[in-house]
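Note sheet for the following structure.
Order of listing sets the numbers, starting from 1, for every ligand and every atom in it. For clarity, every value in this text was computed on a predicted model and none was experimentally measured. Just so you know, residue 1 is the first one in the sequence shown, and it goes up from there.
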Amino acid sequence: MRTVTWDQTAPTRSPEEDPRPVSPAIPAPISPATPIPVSPGVGPASPEDADLSPETIQATVEPEPEPATRAAARPAEAGEWRGIVLVTGTDTDVGKTIVTSAIAAAAQAAGLRVAVVKPGQTGTAGGGPTDIDLITRLAHPHTARTLASYPEPLAPLAAAKVAGMAPLELYEVVDAIRAEAEKHDLVLVEGAGGLLVPMGVRPSGEAWTVADLATTLGGRTIVVSRAGLGTLNHTALTLEALDRRGVPAKVVLGAWPAEPELVHWANLTELVPHLVGALPDGAGGMEPGVFQRSAPGWLTPALFGVLDDWRVWADEVS
Ligand SMILES: Nc1ncnc2c1ncn2[C@@H]1O[C@H](COP(=O)(O)OP(=O)(O)OP(=O)(O)O)[C@@H](O)[C@H]1O
Ligand SMILES: C[C@H](N)[C@H](N)CCCCCC(=O)O
Ligand SMILES: [Mg+2]
């Protein structure tokens, strides 16, 4: 099997010169007395994977068993992501819409009937295409619906308030998504911004988030993450929030750069145990036919793709 050779000129240190562990800090197991589950975190699949010494500066991007002290990143199974799947992200502008399009395209190519639902679209005063417009252009899902649109580019609840419009009501959204699930094999639900953005109100008047939607619907969740510096923390925070709620989650990189640097390879190595896909930067600008034919190559079989070896993928994209 081929290995990926990282940029040998990048600054590194050998264990002999500096014995500090190069592994990123993995949260120590929390006392069994506390009810807080151990963070799923992100991290190398094995200590060897974190070795950035010059002699072994190779990305060993094959997932291996997680240490028993952490919630395991169980390998996703082929076709597992059917039914209702929420697509959230570590932030706004991370590529949720493009990733949603890619999953829809790959699932349709695999013969599934796909619906995409965007509960709250904000920023429509800008006049550009909505997320559902983009998804429709790129992937042509069988059904594509926006449930509520608000003019200002804000979180949906804030956008509803400033416009004096009705906020999204949690159980109306739940009912709309369940109705699509009756008619489709896969319903992709794209949030707005990240996991804990206030989306609308519950009957009690309290705000709800995409995390609440995931727990109410019992849906699996895809976390779209950036590839660059800062993503390890943002991804770990999002995975931990989902893990604490008992929501199964996997990660897709929204935009893998054309010219990856050391940090991108290092992040890939850390995230591989959680990854079920990675889209190239620029994918959103592709001609729709090219996008649809390419999408399965960016996703693992869990998401109806054909990407089954991250080392081969890394060789091909570098
Ligand atoms: N793989 C990609 N190829 C091309 N453009 C991308 C890619 N990923 C993200 N972008 C660009 O980055 C920006 C944000 O992407 P996108 O609209 O998918 O973000 P988002 O996470 O859906 O944000 P929002 O919270 O507004 O829904 C867009 O301008 C999009 O064109
Ligand atoms: C307008 C933007 N593109 C998104 N649709 C909404 C992002 C809300 C983010 C709120 C926040 O986390 O502060
Ligand atoms: Mg979007």
of all protein heavy atoms, closest to atom 9 (C) of ligand 1 is Gly95 CA, 3.7 Å
The reported gap from CD in Gln121 to CG in Leu147 (rounded to nearest 0.5 angstrom) is 11.0 Å
Rounded to the nearest 0.5 Å, the CG atom of Leu195 sits from the CG atom of Leu242 at a distance of 4.5 Å
query: Should Glu180 and Ile177 count as side-chain neighbours, where that means a heavy-atom distance under 4.5 Å?
result: no
Within 4.0 Å of some non-hydrogen atom of Thr92, the atoms of ligand 2 are 2 (C), 3 (N), 4 (C), 7 (C)
Value for CG (Leu271) from CG (Leu275), rounded to nearest 0.5 Å, stands at 5.5 Å
_I'd like to know if Gly282 contacts ligand 1, where contact means a heavy-atom distance under 4.0 Å to any ligand atom._
yes
To the Mg ion (ligand 3), the closest N, O or S atom belonging to Glu190 is OE2
Numbered in order shown, the ligand 1 atoms found under 4.0 Å of a heavy atom of Glu190 are 22 (O), 27 (O)
Q: Using distance alone, determine whether Ala283 and ligand 1 share an N or O pair under 3.5 Å.
A: yes
protein heavy-atom neighbour closest to atom 8 (N) of ligand 1 works out as Gly254 O, 3.5 Å
- Kindly indicate whether the side chain of Trp313, heavy atoms from C-beta on, has any atom under 4.5 Å from the side chain of Trp256. yes
Ranked by distance from atom 26 (O) of ligand 1, the top protein heavy atom is Thr92 OG1, 3.3 Å
Checking distances from the Mg ion (ligand 3), one finds that the N, O or S atom of Asp131 closest to it is OD2
inquiry  = Determine whether any protein heavy atom is located less than 4.0 Å from atom 1 (N) of ligand 1.
reply    = yes
Note to self: Pairing donors with acceptors under 3.5 angstrom, does anything connect the side chains of Glu152 and Thr122?
What the structure shows: no
Any heavy atom of Asp131 under 4.0 Å from ligand 1? The part involved is side chain
Note: ligand 1 atoms sitting under 4.0 Å from heavy atoms of Gly193 are 25 (O)
Under 3.5 Å, N or O to N or O, is Gly284 touching ligand 1 that way?
yes
Margin query: Taking only non-hydrogen atoms of Asp93, do any sit less than 4.0 angstrom from ligand 2?
Written below: no
Q. Would Asp133 and Thr130 count as having a side-chain donor-acceptor pair, cut-off 3.5 Å?
A. yes
Contact region, Lys118 to ligand 1, non-hydrogen atoms below 4.0 Å, reads side chain
Taken to the nearest 0.5 Å, the spacing of Thr238 OG1 from His274 NE2 works out to 12.0 Å
Next item on the list: With Arg220 as the cation and Trp81 as the aromatic partner, state whether NZ or CZ is under 6.0 Å from the six-membered ring centre and within 45° of the axis.
Entry: yes
Here the gap from Leu154 atom CG to Lys161 atom NZ, rounded to the nearest 0.5 Å, amounts to 11.5 Å
Honestly curious: do Val87 and Leu134 fall in one hydrophobic cluster under the side-chain, below-4.5 Å linking rule?
no
*asked:* If we count only non-hydrogen protein atoms and require a distance under 4.0 Å, does atom 11 (C) of ligand 1 qualify as touching the protein?
replied: no
Next item on the list: State whether any protein heavy atom lies less than 4.0 Å from atom 4 (C) of ligand 1.
Entry: yes
If you scan protein heavy atoms around atom 14 (C) of ligand 1, the nearest is Asp93 OD1, 3.4 Å
Under a 3.5 Å threshold, yes or no: a donor from one side chain and an acceptor from the other, between Thr215 and Asp212? no
CG of Leu112 to CZ of Arg82, rounded to nearest 0.5 Å, is 4.0 Å
Exercise. Would you say Pro280 contacts ligand 1, with heavy atoms under 4.0 Å as the rule?
Worked result: yes
Ligand 2 atoms nearer than 4.0 angstrom to some heavy atom of Pro153 are 1 (C)
A student checking ligand 2 against Val197 at a 4.0 Å heavy-atom cut-off should list atoms 10 (C), 12 (O)
Are Met286 and ligand 1 in contact, using a heavy-atom cut-off of under 4.0 Å? no
Thr122 heavy atoms within 4.0 Å reach ligand 2 at atoms 1 (C), 4 (C), 5 (N), 6 (C)
Worksheet item: Taking 2.8 Å as the cut-off, does an N/O/S atom of Thr100 lie below it from the Mg ion (ligand 3)?
Response: no
Looking at Val94, Ile98, Asp91, Val224, the heavy atom closest to atom 6 (C) of ligand 1 belongs to Ile98
protein heavy-atom neighbour closest to atom 22 (O) of ligand 1 works out as Thr97 OG1, 2.8 Å
Atom CD of residue position Glu287 - does it have more than 12 heavy atoms of other residues, nucleotides or ligands inside 6.0 Å? yes
(message) Is it the case that the side chains of Thr235 and Ser225 hold a donor-acceptor pair, with the cut-off being a distance below 3.5 Å and no angle test?
(response) yes
Charged N-O contact under 4.0 Å between Lys96 and Asp131 = no
Protein heavy atom under 4.0 angstrom of atom 13 (O) of ligand 2, is there one? no
